[in-house]
Amino acid sequence: MSNNSGFEQISYASQVVIVTGAASGIGKSAAQLIASRGGVVICVDLNQAGLDQTVSEIKTAGGIAESAVLDISNQSAVMDLISSLGNKHKRIDALVNCAGYAGPTGVLVEDIKWDDYQKVVAVNLFGAIWLTQAVLPIMKKQKYGRIVQVASIAGKEGNPKMAPYNTSKAGLIGFVKGVAKEAALDGITINALAPAVIATPINVNTAKETLDYMISKIPAGRLGEPSEVAEIIAFMGSKACSFTTGFTFDISGGRATY
Ligand SMILES: NC(=O)c1ccc[n+]([C@@H]2O[C@H](COP(=O)([O-])OP(=O)(O)OC[C@H]3O[C@@H](n4cnc5c(N)ncnc54)[C@H](O)[C@@H]3O)[C@@H](O)[C@H]2O)c1
């Protein structure tokens with residue numbers, strides 16, 4: 001080991017990293033931090049204008065980034081994009097999946113329209129599954145990979161009146177636990193992250209009673225910042241995260257201590 005091996009472990013030099021949800025909030029912050037540590041970052045999102053902005057900010061800061069528009073709830077589009085990125089870059093070192101949305105909030109489960117319920121699960125859970133299915137064969141071939149799935153404290157504890165979101169994030173945590181064991185002998189770690197409320201646009205349409213409830217549960221007494229979440233994501237997606245897999249990391253200002 002060289003003297004600066006600590007830095008090498010968190011460096012992304014010559015690594016190819018896909019970050020979904022990179023047009024905004026946590027995904028944007030993670031893409032910027034990973035690019036600043038040397039990664040070639042492929043920024044993926046539904047929102048072309050937001051992606052352009054992220055990529056331009058990364059390039060201005062001296063980083064390397066490109067963008068791809070994708071709806072992660074479109075299974076064949078997910079498979080096509082990951083396959084073309086694998087062919088183009090010859091490897092995919094990490095997938096950081098931050099794309100997601102809250103769906104109905106402030107609504108009792110019996111009042112939620114089924115279309116709305118399914119759409120949240122299709123994006124937050126099925127999208128995550130399809131991305132994982134697409135990158136795993138590439139990672140297994142190269143005998144190295146890191147998968148980071150941004151779940152939520154809602155998946156561990158459940159917030160009232162946001163049943164579709166709770167369902168999708170709890171499903172994601174369960175998904176990660178099992179698939180991590182399947183890939184544990186291939187140099188691949190797969191982990192989830194459970195943030196409490198973070199100051200991003202996702203909360204703009206959240207019902208006030210739901211938001212107040214979530215903030216009141218945080219002992220630190222404030223919202224988290226996307227840059228704070230990016231730090232833990234950058235660790236989870238790096239070489240340094242080598243002996244933790246199937247785990248759900250916490251970033252909740254003390255709300256969860258398990
Ligand atoms: N902010 C919070 O309070 C909080 C808390 C816990 C978990 N999370 C999770 O963190 C992740 C990032 O959220 P954020 O707070 O940065 O929100 P955000 O709204 O700022 O960013 C989410 C991004 O995902 C993209 N997106 C949504 N649906 C998509 C789809 N079908 N395909 C591709 N891209 C899509 C959006 O365009 C947006 O750019 C989400 O999975 C969210 O559930 C957020």
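Remember, it's 1-based here, ligands and their atoms both numbered in the order they're listed. Please read all numbers here as calculations on a predicted model, not as lab measurements.
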Original post:
Is Thr200 close to ligand 1, meaning an N/O of one under 3.5 Å from an N/O of the other?
Top reply: yes

Original post:
Non-hydrogen atoms of Ala151 versus ligand 1: any pair closer than 4.0 Å?
Top reply: yes

**OP:** Could you pull out, from Gly50, Gly21, Ser24, the option with a heavy atom nearest to atom 18 (P) of ligand 1?
**Re:** Ser24

Original post:
If hydrogens are left out, which of Ala30, Gly100, Ala23, Gly25 has an atom nearest to atom 22 (C) of ligand 1, that is, the closest non-hydrogen atom?
Top reply: Gly100

Original post:
Hey, is ligand 1 close enough to Lys169 that some N/O pair sits below 3.5 Å?
Top reply: yes

Original post:
So, are Glu57 and Lys28 salt-bridged, with charged N and O less than 4.0 Å apart?
Top reply: yes

**OP:** Determine, using the 4.5 Å side-chain heavy-atom cutoff (strictly less than), whether Leu33 and Phe7 are members of one ILVMFWY cluster.
**Re:** no

**OP:** Check the angle between the aromatic planes of Trp130 and Phe126 and answer parallel, tilted or perpendicular using the 30° and 60° thresholds.
**Re:** tilted

Subject >> Check: Asn166 main-chain N/O paired with Asn159 side-chain donor or acceptor under 3.5 Å >> reply: no

Original post:
Backbone, side chain, both or neither: what part of Ala22 comes under 4.0 angstrom of ligand 1, heavy atoms only?
Top reply: neither

Original post:
Going by distance only, is there an N or O of Ile26 that falls short of 3.5 Å from an N or O of ligand 1?
Top reply: yes

Original post:
Looking only at heavy atoms, is any part of Asp71 under 4.0 Å from ligand 1, and if so is it the side chain, the backbone, or both, or is it neither?
Top reply: both

Original post:
Within 45 degrees of the axis of the six-membered ring of Tyr258 and under 6.0 Å from its centre: does Lys156 put its NZ or CZ there?
Top reply: yes

Original post:
Purely on distance, is any nitrogen or oxygen of Asn203 under 3.5 Å from one on ligand 1?
Top reply: yes

**OP:** Pick, from Asp45, Val78, Ile72, the option with the minimum heavy-atom distance to atom 32 (N) of ligand 1.
**Re:** Ile72

**OP:** Report the part of Ala196 (side chain from C-beta onward, or backbone N, CA, C, O) that has a heavy atom under 4.0 Å from ligand 1; answer both or neither where that applies.
**Re:** backbone

**OP:** Would you mind telling me if ligand 1 is within reach of the side chain of Leu70, the backbone, both or neither, using heavy atoms under 4.0 Å?
**Re:** backbone

Original post:
For ligand 1, which atoms, with element, lie under 4.0 Å from some heavy atom of Val197?
Top reply: 3 (O)

**OP:** For ligand 1, note which part of Lys28 has a heavy atom under 4.0 Å away: side chain, backbone, both or neither.
**Re:** neither

Original post:
Between Ile198 and ligand 1, is there a nitrogen or oxygen pair with a distance under 3.5 Å?
Top reply: yes

Subject >> Main-chain N/O of Ser238 paired with Arg146 side-chain donor or acceptor, under 3.5 Å >> reply: yes

**OP:** Record the part of Leu46 in heavy-atom contact with ligand 1 below 4.0 Å; permitted values are side chain, backbone, both and neither.
**Re:** both

Original post:
Any link between Ile190 and Val135 through a network of hydrophobic side chains (Ile, Leu, Val, Met, Phe, Trp, Tyr) touching at under 4.5 Å?
Top reply: yes

Original post:
Out of curiosity, is Gly127 lining ligand 1, as in a heavy atom under 4.0 Å away?
Top reply: no

Original post:
Non-hydrogen atoms of Pro201 versus ligand 1: any pair closer than 4.0 Å?
Top reply: yes

Subject >> ligand 1 N/O within reach of Cys98 N/O, cut-off under 3.5 Å >> reply: yes

Original post:
Quick one: does Thr20 get a heavy atom under 4.0 Å from ligand 1?
Top reply: no

